Protein chains: 2
Amino acid sequence: MRTDTIPEEQLDRVFHALSDRTRRALVRNLSEAQGTVTALAEPFDMSLNAVSKHLKVLEGAGLIERHNSGRTSVCSLNTASLETAQVWLDQYTEFWNEMLDSFGDHMKRKTDSAAIPPKARK
Amino acid sequence: MRTDTIPEEQLDRVFHALSDRTRRALVRNLSEAQGTVTALAEPFDMSLNAVSKHLKVLEGAGLIERHNSGRTSVCSLNTASLETAQVWLDQYTEFWNEMLDSFGDHMKRKTDSAAIPPKARK
DNA sequence: ATTATTCTCAACCGATTGGTTGAATGTATA
DNA sequence: TATACATTCAACCAATCGGTTGAGAATAAT
């Protein structure tokens, strides 16, 4: 379990990339099979150029990787970057914490449960 | 564990809300203690109006709730909406799936591991 | 060699974003 | 009542966003 701080810039990019439903659909499709830009663009009612730009945003966020082979560019999902967002969210929800507790695993518990809340941060 | 589909509009709003670092800082601060608009705005080098607008975005995404008391508006975090994003991410990462497997819990496994990937969706 | 395919770059467009300022509203307090 | 405080509304601004079109570069096929 990662506990170090994730750079704000990366979180900006990852959450922004996932805030568009076309890009989320691309992530979903890429989770099932990798594909070329043309193949990935096929299901959408927009130009190839638009999808190409969406893929660039996903790449900028580290959510996909490209493997250029000849004139085609094969994209594949990078789940590690998805976990960046996941880890951030896990800090503020009890969902998985409770599940871990139910298995008797307390490694995620804070040792000091201070009554005084930490200072607000900018 | 939820398996139904989350409305795209809500995912749009939640991920967009979290794509701004000021709003993420507000979420973090609210995870430690609820606060008024003025109190929440204090750590930031921007106008009160700007923070008020950020809180409105968070509220629109269902990430915070308000309790109006007199002339002050007390904001508090709604972790259920954070879980909306969390559940979406969990569909595409192996992180927690592997952890569940390690506990011998296979409820997240697909019964049919088809070799043919499902059709791409728009 | 010519033609077709895959993909990106550049310019452009309207809409939205994150910020500002100033006025307005409602609520405490002196 | 008059005044200070907490918050929002409205207008504005530059920057970014998601889309378009058209041109161009590189590769594959005929």
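As a basis for the values below, the full set of heavy atoms in this structure was taken, side chains included, without hydrogen atoms, waters or symmetry mates. All values derive from a computational prediction rather than experimental measurement. So you know, we letter chains A, B, ... as the sequences are listed, proteins then strands, and number each from 1.
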Least distance between heavy atoms, Leu18(A) atom then Leu82(A) atom: CD1-CD2, 4.2 Å
Interatomic distance where NE2 belongs to His67(A) and P belongs to dT6(C) [whole Å]: 18 Å
Point-to-point distance, once rounded to the nearest 0.5 Å, from OG of Ser81(B) to CD of Glu65(B): 8.0 Å
Side chain Arg23(A), main chain His16(A), donor-acceptor under 3.5 Å: yes
Between P of dG18(C) and CD of Glu8(A), the distance in whole Å: 15 Å
Shortest side-chain distance from Leu48(B), nucleotide among dT6(C), dC17(D), dT8(D): dT8(D)
Closest contact, heavy atoms only, Ala17(B) versus Leu58(B): CB-CD2, 4.1 Å
Backbone of Gly62(B) reached by a side-chain donor or acceptor of Asn78(B) within 3.5 Å: yes
Nearest atoms (heavy-atom pairs only) where Tyr92(B) meets Thr79(A): O-CG2, 3.3 Å
Report all interatomic pairs (protein N or O, nucleotide N or O of nucleotides 28-30 of chain D) with separations under 3.5 Å.
{"from": "dA28(D)", "atom 1": "O4'", "to": "Arg71(A)", "atom 2": "NE", "distance (Å)": "3.4"}
{"from": "dA28(D)", "atom 1": "O4'", "to": "Arg71(A)", "atom 2": "NH2", "distance (Å)": "3.4"}

Whole-Å distance separating the CG atom of Asn68(A) from the C1' atom of dT27(D): 12 Å
Rounded distance (nearest 0.5 Å) linking atom CH2 of Trp88(A) with atom CZ of Arg28(B): 8.0 Å
Separation of dT16(D) P from Asp20(B) CG (nearest whole Å): 14 Å
Touch class at under 4.0 angstrom, heavy-atom based, for Ser47(A) against every strand present: base
Where Cys75(A) and Leu40(A) come nearest, the two heavy atoms and their spacing: CB-CD1, 3.9 Å
Donor-acceptor pair, side chain of Arg24(B) and main chain of Glu8(A), under 3.5 angstrom: yes
Below 4.0 Å: OP1/OP2 of dC17(D) and any side-chain N or O of His16(A): yes
Thr22(A) to His54(A) - nearest heavy-atom pair and separation: CG2-CD2, 3.8 Å
Shortest non-hydrogen contact from Leu26(A) toward Phe44(A): CD2-CE1, 3.7 Å
Minimum-distance nucleotide to Ala50(B) side chain [options: dT6(C), dT20(C), dT7(D)]: dT20(C)
Gap between atoms CZ and P, on Arg21(A) and dG18(D) respectively (whole Å): 12 Å
Evaluation steps, side chain to side chain contact (heavy atoms under 4.5 Å, CB included), between Thr36(B) and Val74(B): CA-CA 4 Å; Thr36(B) 66; Val74(B) 178; 4.3 Å; yes
Close residues, residues 53-66 of chain A, relative to DNA chain D [heavy-atom separation under 4.0 Å]: Lys53(A), His54(A)
Atom-pair distance (CG on Asp12(A); C1' on dG18(C)), nearest Å: 12 Å
Between the protein and nucleotides 22-24 of chain C, are there any N/O to N/O pairs under 3.5 Å, and if so, what are the atom names and distances?
{"from": "dG22(C)", "atom 1": "O6", "to": "Asn49(B)", "atom 2": "ND2", "distance (Å)": "2.4"}

Sugar-phosphate only, base, or nothing, as touched by Thr72(B) at under 4.0 Å among non-hydrogen atoms: sugar-phosphate
Value in whole Å for how far the P atom of dC17(D) lies from CZ of Phe15(B): 18 Å
Residue-phosphate contact under 4.0 Å: Arg23(B) side-chain N/O, dG18(C) OP1/OP2: yes
Side chain of Ser73(A) - closest among dC7(C), dT20(C), dT8(D): dC7(C)
